[in-house]
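Read the structure below first, then the notes.
Just the heavy atoms: all of them, side chains too, but no hydrogens, waters or symmetry mates, feed the values below. These numbers come from a predicted model, not from an experiment. Each residue takes its place number in the sequence, starting with 1. As the structure lists them, so they are numbered: ligands from 1, and atoms in each ligand from 1.
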Amino acid sequence: MIVCICQNVSDGKIHRAVDGGVTSMVQLRDQLGVGTCCGKCHAHAKQVLRECLSSNAQQSHCHMQPMLFQRNIMAAA
Ligand code: FES
């Protein structure tokens with residue numbers, strides 16, 4: 001889905017930018033040009049950015065659980 005029509009930025013591009021380290025609207029604007037023309041996309045782009053950051057945080061939390069579990073098993077042995 002296109003988030004920024006002026007700069008042809010989709011939610012997928014925002015997801016990839018977040019995967020590449022983007023954490024703020026300023027970085028998103030600098031890397032993809034989101035909101036640099038008419039600015040009407042700003043609120044939606046910010047929402048997509050928050051969703052991506054939240055999704056990534058949950059995924060990294062899920063990846064940590066097995067590692068902690070394995071450490072506890074090794075510590076108990
Ligand atoms: Fe994003 Fe116009 S729609 S700057």
Is any side-chain heavy atom of [X] closer than 4.5 Å to a side-chain heavy atom of [Y]?
X   : Y   : answer
Q7  : L32 : no
Q31 : V22 : yes
C52 : N56 : no
V34 : C41 : yes

Within a reach of under 6.0 Å around CD1 of I5, are more than 12 heavy atoms found that belong to other residues, nucleotides or ligands?
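No, not enclosed.
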Among the protein atoms near atom 2 (Fe) of ligand 1, how many are N, O or S and lie under 2.8 Å away?
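For atom 2 (Fe) of ligand 1, the figure is 2.
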Return the CG to CD1 distance between D19 and I14, rounded to the nearest 0.5 Å.
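Nearest 0.5 Å value for the CG-CD1 distance: 12.0 Å.
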